S.K.: 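Following this message is one structure expressed as structure tokens.
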Amino acid sequence: MIRVDCQGVAPEAAAASEEIRAAIACFVKHGYAILDHVVPAEKIHALQQEFEQDYGRSLKREEDDMSKEVGDARFMIPLRLAKGFADTAIFANPYVVAVVHAVLEQTAILEAYGAVVSFPGAKAQPNHHDGPHLFGAEISALLPAHALTFALPLVEMNESHGTTTLLPGSHRWRRAGEDVEGITPTVPTGSCMLWDFRLVHSGTANRSTVQRPMLYGTYSRPWYRDPVNFRGKRRMRRVDFDAGFLETLPEDARRLISHAA
Ligand SMILES: O=C(O)CCC(=O)C(=O)O
């Protein structure tokens with residue numbers, strides 16, 4: 001398993017750093033990147049409390065208009081770009097955006113923003129990719145990435161709370177089920193994972209007694225819209241923010257979400 005430690009890499013120098021270059025190379029070859037120390041752990045702790053307060057009570061163990069079941073006792077909900085979730089260190093994180101720009105080009109957008117929460121006792125998800133192949137598996141395997149998932153745990157992802165198993169190289173599979181050993185990383189708070197939308201992966205079981213919220217962002221090329229995860233969910237906004245929010249943002253962050261204004 002390859003991990004890249006961003007501690008000591010200045011955010012403004014991220015794109016030119018050896019560390020981010022290594023992350024990009026891993027992403028292109030293996031379909032994933034794991035970045036450590038991209039957000040201070042205290043900031044994540046505050047976000048986790050905010051999540052519990054603002055979303056915890058309304059999130060039930062059943063699908064409704066504002067959530068989607070994505071596995072046994074596992075739900076996806078949209079997050080509003082407000083308060084801590086509107087922090088550019090989170091949705092426009094400089095280390096993450098440096099990888100996003102390299103693999104999806106500078107015109108990349110944040111296509112969706114939310115959380116996947118697994119409840120205590122949630123069983124492992126089946127293997128899947130986040131979207132269907134473009135033009136079928138044979139052609140898709142040859143193409144550069146069109147979208148990726150950014151996963152930022154609000155509590156440590158580990159054997160007890162559950163994490164995500166990734167099948168390295170599966171973004172290049174021409175047929176399903178090639179034989180490869182998965183990796184099941186522990187992801188501490190402040191670290192994140194990125195995976196190619198084509199990569200085969202699955203959330204592992206939550207064996208603990210606490211919810212495991214994982215903030216996610218879908219970054220994509222500007223023409224791409226996730227055709228699956230919002231099907232039948234008209235009330236679920238992909239990227240949601242107040243009028244006037246855009247004007248408060250630096251240019252780079254604004255470019256990521258202005259399509260949703
Ligand atoms: O819960 C996880 O760890 C992964 C979730 C996931 O892959 C999904 O819902 O598509």
Side-chain angles (χ1 to χ4, degrees), residues 6 10-16 20 23-24 27 33 35 38-39 43-44 46-47 50-51 54-55 65-68 76-116 130-132 134 143-152 154 192-198 213-261:
C6 296
E12 58 285 359
I20 292 300
I24 294 163
F27 187 92
L35 306 179
V38 294
V39 181
K43 207 178 258 248
I44 300 294
L47 265 191
E50 188 181 320
F51 181 82
D54 293 358
Y55 297 91
D65 273 5
M66 289 305 287
S67 69
K68 184 179 164 96
M76 173 183 123
I77 53 161
L79 290 175
R80 192 167 166 69
L81 282 158
K83 300 199 277 180
F85 295 105
D87 188 336
T88 53
I90 306 297
F91 80 91
N93 181 275
Y95 306 102
V96 173
V97 168
V99 178
V100 165
H101 281 168
V103 301
L104 301 172
E105 298 187 5
Q106 297 281 331
T107 51
I109 59 166
L110 179 65
E111 201 266 337
Y113 189 57
V116 174
D130 282 331
L134 298 183
L143 300 176
H146 58 277
L148 66 83
T149 298
F150 159 57
L152 181 78
L154 302 188
C192 72
M193 293 193 275
L194 307 175
W195 61 77
D196 190 304
F197 239 48
R198 297 168 292 181
M214 178 193 90
L215 178 150
Y216 83 89
T218 299
Y219 294 92
S220 74
R221 293 183 188 264
W223 43 263
Y224 185 72
R225 292 296 171 273
D226 174 346
V228 172
N229 292 303
F230 291 86
R231 204 179 274 156
K233 292 284 176 188
R234 291 235 184 89
R235 288 195 58 221
M236 273 172 71
R237 301 287 304 267
R238 293 174 185 234
V239 177
D240 190 19
F241 49 83
D242 275 343
F245 176 58
L246 277 184
E247 285 69 54
T248 67
L249 294 174
E251 175 58 27
D252 255 21
R254 195 180 320 148
R255 223 173 329 126
L256 287 171
I257 60 166
S258 55
H259 66 285

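All values derive from a computational prediction rather than experimental measurement.
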S.K.: Please give me the minimum heavy-atom distance between L256 and A108, naming the atom from each residue.
M.R.: CD2-O, 3.6 Å
S.K.: Could you walk me through whether L143 and R198 satisfy the side chain to side chain contact (heavy atoms under 4.5 Å, CB included) test, starting with their C-alpha distance in whole Å, then the side-chain angles of each, then the deciding distance to 0.1 Å, before giving a yes or no?
M.R.: CA-CA 10 Å; L143 300 176; R198 297 168 292 181; 4.1 Å; yes
S.K.: Rounded to the nearest 0.5 Å, what separation is found between the CG atom of D65 and the NZ atom of K233?
M.R.: 6.0 Å
S.K.: Could you grab the distance from atom SG of C192 to atom OH of Y95, nearest 0.5 Å is fine?
M.R.: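 Between C192 SG and Y95 OH, I get 11.0 Å after rounding to 0.5 Å.
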S.K.: Can you tell me if D130 and T149 form a side-chain donor-acceptor pair at under 3.5 Å?
M.R.: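 Checked: D130/T149 side chains pair up, N/O donor to acceptor below 3.5 Å.
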S.K.: Could you please spell out the steps behind the side chain to side chain contact (heavy atoms under 4.5 Å, CB included) verdict for L194 and V100?
M.R.: CA-CA 9 Å; L194 307 175; V100 165; 5.5 Å; no
S.K.: For residues 86-97, pull every pair meeting salt bridge (Lys or Arg N to Asp or Glu O under 4.0 Å), keeping only residues two or more places apart or in separate chains.
M.R.: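 Found K43-D87.
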S.K.: Is the shortest heavy-atom distance from the side chain of D54 to the side chain of K83 under 4.5 Å?
M.R.: yes
S.K.: Do D242 and R80 sit within salt-bridge range, that is, some charged N less than 4.0 Å from a carboxylate O?
M.R.: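 R80 and D242: salt-bridged.
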S.K.: Kindly give the heavy-atom pair with the smallest separation between I20 and C6, and that separation in Å.
M.R.: CD1-SG, 4.1 Å
S.K.: Nearest 0.5 Å, please: how far is CD1 in I257 from CD1 in I109?
M.R.: 11.0 Å
S.K.: Minimum heavy-atom separation for A145 and R221, please, with both atom names.
M.R.: O-NE, 2.8 Å
S.K.: So do L134 and H146 actually touch side chain to side chain, heavy atoms under 4.5 Å?
M.R.: yes
S.K.: How far does OH of Y113 sit from OH of Y216, to the nearest 0.5 angstrom?
M.R.: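 So the OH of Y113 and the OH of Y216 are separated by 11.0 Å.
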S.K.: Any heavy-atom pair between the side chains of F91 and V96 that's under 4.5 Å?
M.R.: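 Of all side-chain heavy-atom pairs linking F91 with V96, none is under 4.5 Å.
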S.K.: CG/L104 to CG/L148 distance, rounded to the nearest 0.5 angstrom?
M.R.: 5.0 Å
S.K.: Is a side-chain donor or acceptor of R237 paired with a backbone partner of R234 at a separation under 3.5 angstrom?
M.R.: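 No, the answer is negative, given that no donor and acceptor are paired below the 3.5 Å cut-off.
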S.K.: Any idea how Y55 and F51 line up, ring-wise: parallel (<30°), tilted (30 to 60°), or perpendicular (>60°)?
M.R.: parallel
S.K.: Would you say the side chain of D226 lies within less than 4.5 Å of the side chain of E111, judging by non-hydrogen atoms?
M.R.: yes
S.K.: Over all heavy atoms of both residues, which pair between K68 and N229 is shortest? Give the atoms and the distance, please.
M.R.: CD-O, 3.0 Å
S.K.: If you look at every heavy atom in L35 and A23, which pair is closest and at what distance?
M.R.: CD2-CB, 3.6 Å
S.K.: For P250, what residues pass the side-chain contact (heavy atoms from CB on, under 4.5 Å) criterion, not counting sequence neighbours?
M.R.: T88, A253
S.K.: Side-chain contact, heavy-atom cut-off 4.5 Å: D240 with L81?
M.R.: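 SC-SC contact between D240 and L81 ruled out.
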S.K.: Can you name the closest pair of heavy atoms from M236 and P78 and give their distance?
M.R.: CG-CG, 3.8 Å
S.K.: Find out whether F85 and L215 are in side-chain contact, i.e. whether some heavy atom of one side chain is under 4.5 Å from a heavy atom of the other.
M.R.: yes
S.K.: What's the spacing between I24 CD1 and H101 NE2 if we round to 0.5 Å?
M.R.: 11.0 Å
S.K.: Who passes side-chain hydrogen bond (donor to acceptor under 3.5 Å, both in side chains) against E12, sequence neighbours left out?
M.R.: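 E12: no side-chain hydrogen bond (donor to acceptor under 3.5 Å, both in side chains) contacts found.
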